[in-house]
Asks: 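First the structure, then my questions, so here it is.
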Amino acid sequence: MATWNINSVVRRTDQLLDWLARTQPDVVALQELKATTENFPVQAVKDAGYRSLVVGERSWNGVALLSRHELVPVIKALPGDASDKQARYLEAAINGMLFACLYLPNGNPQPGPKFDYKLRWFERLKKRTAELFATGQPVVLLGDWNVVPTDADIYKPDSWRKDALLQPESRQAFADVLAQGWTDAIKAVYPDKVPFTFWDYFRKHWERDAGLRIDHILVSSALRVLDAGVDRDERGAEHPSDHAPVWAEIELAEKRRKKPAAKPAVKRAAAKKSRPAPKPSAPSDAPLAG
DNA sequence: ATGCCGAGCATCGCTCGA
């Protein structure tokens, strides 16, 4: 499975199709479609082997879930404020698991009404994720969280200190979600030095690997993370999104008791940890996504 | 303090993103 803030699905349909064909994730969460539901490339995605569930919006926002398997809609908006019409949240059931695709408000400039909206949205999200975790069912939260969780998740924290993504309130809200019991998939695989997921278009930040980690995959306690990573090559492509896809391989936690033998996927994850993070120009890790 | 880049559109100048 994977999550990708694609920054216009119309502008980058070809890149999306190439990436799907190459990496073949089972489930994909997309954010910042910048397209209405009608303008989403449903047929091209279908031809690539994926069903799609889209909550679009003209010009801004927009989220979608793609799946190779049957995809049952659960909710198409974050509960808690019927007046909030921004297309930022979507849940679907796939293969007995629940997938939530979220695009958390950016919140800049800060302070101000946009930051207030971000924090209110986060409070609504915390309620929903607490409900989902409490079911004990396998649940995955994927998306652009617009939060740099700690100073270790950004190239140079002091240069972004006033940004909404680094504010103590934003970080506390993210920590509150994690404290419900979720596992941060990237952090689980890279406990020491995490890979970045976003590099803005300015000042050759990509070329300098001056990035941020703001796209996150959180899994519930019914699931176990086998491996995870970032498809950095997509950020180095022609006319790229400013975000790279983040992927994770998971399995049901109960499987561990049934199959105690070591799995190759686990070995691969262990080997990956011992390597230094690749440079932007280096080929990305094998982009297999469960 | 600002623009830097890139995308959408009520398009050639603004808003938004992060």
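Atom set for the values below is all heavy atoms of this structure, side chains included, hydrogens, waters and symmetry mates excluded. Naming convention: chains lettered A, B, ... in sequence-line order (proteins, then strands); numbering from 1 in each chain.
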Asks: Indicate, with a heavy-atom threshold strictly under 4.0 Å, whether A:N5 touches base, sugar-phosphate, or nothing.
Replies: sugar-phosphate
Asks: Near DNA chain B, which residues from residues 169-176 of chain A have a heavy atom under 4.0 Å away?
Replies: none
Asks: Please name all residues satisfying ring-ring contact (aromatic ring centres under 6.0 Å, His included) with A:F122, sequence neighbours left out, ordered by chain then number.
Replies: none
Asks: Quantified in whole Å, what is the C1' atom distance between nucleotide B:dC4 and nucleotide B:dC9?
Replies: 22 Å
Asks: Test of understanding: with side chain to side chain donor-acceptor pair (under 3.5 Å), list the residues that count as partners of A:D163, not counting sequence neighbours.
Replies: A:N108
Asks: Could you write nucleotides 5-13 of chain B as a row of B, S and -, 5' to 3', where a protein heavy atom under 4.0 Å of any base atom gives B, of only sugar-phosphate atoms gives S, and otherwise -?
Replies: BSSSSS---
Asks: For A:K162 and A:L212, take the nucleotide of DNA chain B holding the closest heavy atom to each; which residue's nucleotide lies nearer the 5' end?
Replies: A:K162
Asks: If we take the P atom in both B:dC16 and B:dA10, what is their distance in whole Å?
Replies: 14 Å
Asks: Any side-chain heavy-atom pair from A:D144 and A:T3 closer than 4.5 angstrom?
Replies: no
Asks: Please list, by residue number, the residues of residues 149-160 of chain A whose heavy atoms come closer than 4.0 Å to an atom of DNA chain B; answer none if no residue qualifies.
Replies: none
Asks: Which residues satisfy the ring-ring contact (aromatic ring centres under 6.0 Å, His included) test with A:W60, sequence neighbours excluded?
Replies: none
Asks: Counting the atoms with a prime plus P, OP1 and OP2 as sugar-phosphate, which does A:N146 contact under 4.0 Å by heavy atoms, base, sugar-phosphate, or nothing?
Replies: sugar-phosphate
Asks: Using the C1' atom as the reference point in each nucleotide, state the distance between B:dA7 and B:dC12 in Å, no decimals.
Replies: 15 Å
Asks: With distance as the sole criterion, is a donor-acceptor pair present between the side chains of A:D84 and A:Y117 under 3.5 Å?
Replies: yes
